[in-house]
Novice: 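One structure, as structure tokens, below. Some questions next.
Residue numbers begin at 1 in each chain, while the letters A, B, ... track the order of the sequences. Predicted model only: the values in this text are computed from it and were never measured.
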Protein chains: 2
Amino acid sequence: MKHLKTLRCIEDVASSGSIRKSAEQLSLTASALTRKIQDFETELGTPIFERMPQGMRLNAAGELVLRHIRAQLSDFERLRSQIADLSGVRRGHVTVAVSQAFAHGLIPKEIASYRARHPLVSFSVLVRDHVHAVRAVAAFEADVALVITPPPAPEFEPLLVIHQPLCALMSKDHPLAKAETVRFRDCLQYPIAMPGPSLAIRHHLQSALVRASLPVNTVVESDSFEVLRSYTGGEQVISFQIRAGIPQDNSNLVAREIDHRDMPPTQLVLGQLRGRSLSVAASKFVDQISGSLHSQYGVRSA
Amino acid sequence: MKHLKTLRCIEDVASSGSIRKSAEQLSLTASALTRKIQDFETELGTPIFERMPQGMRLNAAGELVLRHIRAQLSDFERLRSQIADLSGVRRGHVTVAVSQAFAHGLIPKEIASYRARHPLVSFSVLVRDHVHAVRAVAAFEADVALVITPPPAPEFEPLLVIHQPLCALMSKDHPLAKAETVRFRDCLQYPIAMPGPSLAIRHHLQSALVRASLPVNTVVESDSFEVLRSYTGGEQVISFQIRAGIPQDNSNLVAREIDHRDMPPTQLVLGQLRGRSLSVAASKFVDQISGSLHSQYGVRSA
DNA sequence: CGCCGTGTTGCAATATGAGCAACACCACCG
DNA sequence: CGGTGGTGTTGCTCATATTGCAACACGGCG
């Protein structure tokens with residue numbers, strides 16, 4: 001759009017840190033870009049960039065401006081989405097930041113189900129740990145985030161909170177697979193495929209370990225649930241995952257809830273940036289996920 | 001600002017309903033304006049105006065666009081205000097919509113106190129009944145509203161709620177002035193200067209009258225508290241006002257709380273448009289009023 | 001010092017936008 | 001029925017703003 005052109009330029013320069021680089025990306029010349037920014041600064045009455053020999057860096061006012069620009073652009077997208085919705089066809093783009101736990105089953109399934117009804121809506125899925133997922137939402141990079149125990153942040157507004165037990169993941173023929181639920185200390189009798197420290201589940205395990213003060217035999221540690229899953233399929237090890245992240249396909253893995261006395265339930269949170277309204281597409285996607293999670297796991301929701 | 005020019009044009013045309021009228025206001029020609037709007041509609045991919053023989057009217061998409069434009073303009077003001085605040089000087093403009101009850105003492109006093117600290121902040125005060133005050137906030141015409149018992153509206157977000165007793169207003173030498181509090185039925189023994197039906201207080205009185213099922217001798221009715229005050233100063237009549245609207249100057253009027261058994265407390269609400277953030281200036285003004293009301297009447301606040 | 005990186009400026013080419021006048025349409029009214 | 005005054009729109013012309021090119025100024029670095 002015409003009236004957002006300058007804003008896009010500023011955003012680009014701010015993120016690339018160089019007028020010449022941005023000029024190329026925007027297919028403009030450096031001189032045109034320089035003048036756009038100068039004009040904007042004149043209109044605003046304040047410089048928003050510091051000119052360094054290494055390039056351009058935003059100053060304090062510039063940070064505010066950038067935040068404003070991001071909001072404007074995202075608002076405009078929402079407007080387009082709302083307008084498209086008027087004519088019956090849902091159109092738009094939804095960016096979700098999700099914890100890795102959902103990358104396997106839940107999110108792809110939800111997106112497929114949504115797109116079956118609204119094929120003109122496209123999706124971006126950012127897989128991030130809980131800290132970066134919340135940060136992505138705050139930086140307007142994602143519309144919503146679905147994460148486990150997000151760090152408390154004032155700008156993150158939970159839309160749905162569900163409490164889920166942590167599960168122990170093991171092969172079908174594992175001795176512990178016989179019972180419906182397992183005790184944490186029994187799991188620790190076996191070698192463990194441990195989620196990496198960037199994963200939220202790790203923190204839960206860590207505090208449970210501290211409480212239980214039991215030794216743990218970690219044979220594999222990985223930031224990737226995919227790795228942990230594959231490995232758990234091979235050796236007689238135990239790994240961990242929340243209920244909603246359990247693979248549904250016909251693998252030879254089974255999940256057993258860990259007794260709630262040993263492990264408090266994890267918090268599964270779907271949230272957005274506080275004080276912002278979502279595009280129609282995003283909003284309806286949130287509704288769908290909420291409904292779907294509620295109907296599957298709703299008995300323990302809060 | 002340059003990039004908001006088109007948006008301002010659209011807003012103006014939407015509110016005037018005529019390209020030619022707007023062209024004059026904006027010191028443009030009708031043709032230029034027409035093309036601006038056509039270009040915008042082309043970029044957007046949808047018409048936003050219905051062309052009638054009587055002029056231009058927004059269609060459904062246009063209503064969304066207008067809402068968006070208002071938000072953009074108001075956001076930009078906030079940005080300027082935040083930037084000005086960076087350099088230490090607070091600058092900006094605050095528009096408040098207030099019930100008439102506060103037009104006399106509270107609001108002018110608060111503004112004066114604020115401007116003593118921040119002389120570069122200017123104010124607009126819209127005096128509106130509760131319905132229109134809330135509407136003004138929703139239409140981005142006012143940043144905040146201070147009203148009595150606002151109608152429930154989802155887009156109006158209360159920031160502060162204080163419960164205040166209704167007072168009977170009378171001259172110093174009135175027989176009822178001897179006691180600290182008065183009973184409602186005693187007030188009705190005297191002629192009444194009655195607030196008009198557009199005033200929120202009237203509704204309170206009305207329901208109390210229905211409960212008490214007592215006859216009332218209304219000798220003057222007015223939409224203006226100023227009229228009611230002046231008249232109450234002359235004849236031995238009773239009028240009504242909430243505590244925060246009682247004139248503090250050295251008139252010969254006194255206020256006596258009505259016994260709470262006869263009259264439930266009124267709600268005094270300071271609120272803003274839900275989901276929007278205020279400019280620094282407005283936000284600090286809200287803080288000041290909150291503090292001031294709390295310290296004066298805070299014992300009964302909720 | 002010479003080189004390469006940065007952003008900036010002068011000037012000419014160009015695209016964008018504005019104004020004017022004429023047009024098409026509709027409502028109203030004699 | 002046809003005029004009259006209102007609406008928005010369009011073709012054309014011209015001013016203005018925006019762009020690109022090339023040259024410049026400054027700072028870091030070898």
Novice: I'd like to know if Ser31(A) reaches the base of dG20(D) with its side chain such that a donor and an acceptor end up less than 3.5 angstrom apart.
Specialist: yes
Novice: Under 6.0 Å from the CD atom of Glu226(B), do we count more than 12 heavy atoms belonging to anything else shown?
Specialist: no
Novice: Assess the pair His104(B) and Phe225(B): is the distance between their ring centroids shorter than 6.0 Å?
Specialist: no
Novice: Is Ser18(B) near enough to dT7(D) that one of its side-chain N or O atoms lies under 4.0 angstrom from OP1 or OP2?
Specialist: yes
Novice: So Asp85(A) and Arg91(A), salt bridge (charged side-chain N to carboxylate O under 4.0 Å, His left out) or not? Walk me through it.
Specialist: CA-CA 7 Å; Asp85(A) 230 51; Arg91(A) 196 181 283 278; over 6 Å; no
Novice: With Arg51(B) as the cation and Phe49(B) as the aromatic partner, state whether NZ or CZ is under 6.0 Å from the six-membered ring centre and within 45° of the axis.
Specialist: no
Novice: Within this structure, what is the CD1-to-P distance between Ile37(A) and dT18(D), rounded to whole angstrom?
Specialist: 14 Å
Novice: Of Arg35(B) and Pro53(A), whose nearest nucleotide on DNA chain C comes first from the 5' end?
Specialist: Pro53(A)
Novice: Would you mind reading off the distance between Leu28(A) atom CG and dC21(D) atom C1', rounded to a whole angstrom?
Specialist: 14 Å
Novice: What integer distance in Å separates Asp39(A):CG from dT16(D):C1'?
Specialist: 13 Å
Novice: Students should find this one: the first and last nucleotides of DNA chain C, 5' to 3', lying under 4.0 Å from a heavy atom of chain A. What are they?
Specialist: dT6(C) to dG17(C)
Novice: What is the distance, rounded to the nearest whole Å, between atom CD1 of Ile19(B) and atom C1' of dT10(D)?
Specialist: 13 Å
Novice: Thr29(A) side chain: which of dG20(D), dT10(D), dG8(D) is closest?
Specialist: dG20(D)
Novice: Contact class for Lys2(A) (heavy atom, under 4.0 Å): base, sugar-phosphate, or nothing?
Specialist: sugar-phosphate
Novice: Can you tell me how far P of dT10(D) sits from CZ of Arg51(B), to the nearest Å?
Specialist: 9 Å
Novice: Nearest nucleotide by nearest heavy atom, which residue falls closer to the 5' end of DNA chain C, Arg20(B) or Ala30(B)?
Specialist: Ala30(B)
Novice: Should Glu43(B) and Lys36(B) count as an ion pair when the cut-off is N to O under 4.0 Å?
Specialist: no
Novice: Start with the C-alpha distance between Ser277(A) and Arg78(A), add both sets of side-chain angles, then the distance that settles side-chain hydrogen bond (donor to acceptor under 3.5 Å, both in side chains), and finish with yes or no.
Specialist: CA-CA 8 Å; Ser277(A) 37; Arg78(A) 177 167 50 96; 2.9 Å; yes
Novice: Can you tell me the distance, in whole Å, between the CE atom of Met52(B) and the P atom of dG8(D)?
Specialist: 12 Å
Novice: Any side-chain N or O of Lys36(A) less than 4.0 Å from the OP1 or OP2 oxygen of dT19(D)?
Specialist: yes
Novice: Distance from Gln25(A) atom CD to Cys9(A) atom SG, nearest 0.5 Å?
Specialist: 11.0 Å
Novice: Closer to the 5' end of DNA chain D via nearest nucleotide, is it Ala32(A) or Gly55(B)?
Specialist: Gly55(B)
Novice: Distance check needed: dC21(D) P versus Leu33(A) CG, whole Å only.
Specialist: 14 Å
Novice: Lys5(A) NZ to dA17(D) P: how many Å, rounded?
Specialist: 15 Å
